[in-house]
Structure formats: structure tokens, C-alpha cells
Amino acid sequence: MSDEYHNLLPIANIGRIMKQVLPSNAKISKEAKERMQECASEFISFVTGEASDKCNKENRKTVNGDDICWALSSLGFDNYSEAMLRYMNKFREFERQRERANQSSNNKGSSSEDKDEATNYSTSFDFVILEKGGPSSSKPAT
């Protein structure tokens, strides 16, 4: 197997994502999945490379979510950058709430009600499928 295939996303995952936005009776050819696999993998490499260059210029070794958002914006993908920033803010708020709930349950002697509150968070976040020209009908991706 060549090195080219080591940098590709799993084709089964690509197929699942593609099926989410198609009608239930639609079929996807193997070739279509392979082309999308190549494009998605290349896009990720392109954006990550831009973010990595920024980190190198700033003498940092770790690429973070803010770097990816910056790279998306600098490459002209402002809609994706804005969507990712909204997601990251929601995720960070979720993490803060979860941490507060965990600290609260640890400080109160960990009653069963507090334990339930601390573990009662869902890690599901809704994504909006973007179409050319803006968000679509707010179909959540899973």
C-alpha cells in the first residue's frame, strides 16, 4: 500500500457523511466515495498546513482550533471559519459547565443528585450543513 493511502480518511466514514445529506433511496458509487475521500483529505491537509505555518512563525508546536479557524478564514473559507468558531464556543461552554458540575459534586460530598447532575450532559452538537450561499435547512449532522 502506498503512502498516499495512509493520509486518506476512512472511506466508510466518508460514505456515511455523504448519505446523511442525500435522500434515503439515493445510492453512491464507489468512485464517488473515493473522489470525495481524496478531496476531503486534501482539504484537511491544505487547511492544516496553513495553520501549521502560522504556528511555526509564532514558534509554537501545537495547532489548536483557533489556528484552524484562522487558516480557514485566511484561505477564503469564511463561512466555515464562522461555523467552526460557533461550534468551538458551544463546546468550550459545555466543557466549562461540565467542569463546574463536577467541582460542585465533589465539593458537596457527592450526593446522588449531584452525581446525576454532573453526568447528565449530552456530548451531541448540531452541525448545519452548509450549501453555497449560506446555511441550508438546518439539517443536523451526526
Worksheet entry | Donor-acceptor contact below 3.5 Å, side chain S73 vs main chain D78 | no
Discussion item. Before you tell me yes or no, could you show the steps for K90 and E93 under salt bridge (charged side-chain N to carboxylate O under 4.0 Å, His left out), namely the whole-Å CA-CA distance, both residues' side-chain angles and the distance that decides it to 0.1 Å?
Written reply: CA-CA 5 Å; K90 285 181 183 181; E93 180 58 30; over 6 Å; no
Discussion item. If the threshold is 4.0 Å, N to carboxylate O, is there a salt bridge linking K54 and E58?
Written reply: yes
Discussion item. Within the 4.5 Å heavy-atom criterion, are R35 and E31 side-chain neighbours or not?
Written reply: yes
Worksheet entry | Sole candidate of T62, N64, V63 that passes side-chain contact (heavy atoms from CB on, under 4.5 Å) when paired with C55 | V63
Worksheet item: Do N89 and R86 get their side chains close enough for a donor-acceptor pair, meaning under 3.5 Å?
Response: no
Discussion item. Tell me if the aromatic rings of Y87 and F94 count as close, with their centers under 6.0 Å from one another.
Written reply: no
Discussion item. Tell me whether R60 is salt-bridged to D53, with the criterion being a basic N under 4.0 Å from an acidic carboxylate O.
Written reply: no
Fill in: ILVMFWY cluster, F43 and W70 together (side-chain gap under 4.5 Å)
no
Fill in: Rounded distance (nearest 0.5 Å) linking atom OG of S29 with atom CE of M36
10.5 Å
Worksheet item: Could you state the interatomic distance from CD1 (I14) to CD (E38), rounded to the nearest 0.5 Å?
Response: 10.5 Å
Discussion item. Salt bridge check, E99 against R96: does any charged N sit closer than 4.0 Å to a carboxylate O?
Written reply: no
Worksheet item: How many angstroms lie between CD1 in I44 and CG in L8, if you round to the nearest 0.5 Å?
Response: 10.0 Å
Fill in: Rounded distance [0.5 Å steps], SG in C39 versus CG in L9
11.5 Å
Response to the item:
Value for NZ (K61) from CG (N56), rounded to nearest 0.5 Å, stands at 10.0 Å
Discussion item. Return the CZ to CD distance between R92 and E95, rounded to the nearest 0.5 Å.
Written reply: 10.5 Å
Fill in: Residues N7 and S41: side-chain donor-acceptor under 3.5 angstrom
no
Worksheet item: Hey, any chance F46 and I68 share a hydrophobic cluster, counting ILVMFWY side chains that come within less than 4.5 Å of each other, even indirectly?
Response: yes
Worksheet entry | Heavy-atom closest contact (G65 atom, M84 atom, distance) | O-SD, 4.5 Å
Item to complete: Mark yes or no for whether E50, through its side chain, and A71, through its backbone, hold a donor-acceptor pair below 3.5 Å.
Response: no
Practice prompt. Please report the C-alpha distance between D66 and L85 in whole Å, then the side-chain angles of each, then the deciding distance to 0.1 Å, and finally whether the side chain to side chain contact (heavy atoms under 4.5 Å, CB included) criterion is met.
Written response: CA-CA 8 Å; D66 292 312; L85 280 169; 4.2 Å; yes
